[in-house]
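Because the structure is a prediction, the values reported are computed rather than measured.
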Amino acid sequence: MFAMKDKLDISLGVAIGSSTQISMFVIPFCVVVAWIMGIPMDLNFQLFETAALFLTVIVVAFMLQEGTANYFKGLMLVLCYLIVAASFYVHVDSQPVD
């Protein structure tokens with residue numbers, strides 16, 4: 001709603017607030033539930049996940065640097081999302097040596 005009314009600062013606040021809520025509650029909750037169920041899950045990110053997150057933050061920062069938005073920037077962000085999703089789909093994690 002705020003994005004349609006050209007209120008980019010409020011739209012970003014909502015998006016950042018939602019992301020913060022997810023990272024502070026839902027992810028630790030999933031780790032605890034997996035621990036209770038006996039499923040190995042931790043927050044130990046490997047190099048590939050860390051690099052993907054870093055590049056995503058850089059791309060979004062460059063997109064929002066001007067403070068304006070249009071359909072082409074939105075399309076580029078959606079395409080970046082698809083590229084990240086495809087890279088995670090084809091990426092093979094290395095197995096730790098016992």
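Closest heavy-atom contact between Val31 and Met41: CG1-O, 3.8 Å. The minimum heavy-atom distance linking Lys73 with Met63 is given by the pair NZ-O, 3.2 Å. Between Pro28 and Ser23 the shortest heavy-atom distance is CD-O, 3.5 Å.
Scanning for ring-ring contact (aromatic ring centres under 6.0 Å, His included) contacts around Phe29 gives Phe25, with sequence neighbours left out. Residues satisfying the side-chain contact (heavy atoms from CB on, under 4.5 Å) criterion with Ile16, sequence neighbours excluded, are Thr20.
To the nearest 0.5 angstrom, Ile58 atom CD1 is 12.5 Å from Cys80 atom SG. Summarising the geometry, atom CE belonging to Met24 is positioned 13.0 Å from atom OG belonging to Ser19; distances are rounded to the nearest 0.5 Å. Leu77 CG to Leu82 CG: the interatomic distance, rounded to the nearest 0.5 Å, is 11.0 Å.
Gln21 places no side-chain N or O within donor-acceptor distance of the main-chain N or O of Ser18, the cut-off being under 3.5 Å.
Follow the hydrophobic side-chain contacts under 4.5 Å out from Phe62 and you reach Phe54 in the same cluster.
Using a 4.5 Å cut-off on side-chain heavy atoms (C-beta onward), Val84 and Leu55 make no contact.
Between Phe48 and Phe88, the two ring planes are perpendicular [angle over 60°; tilted spans 30° to 60°].
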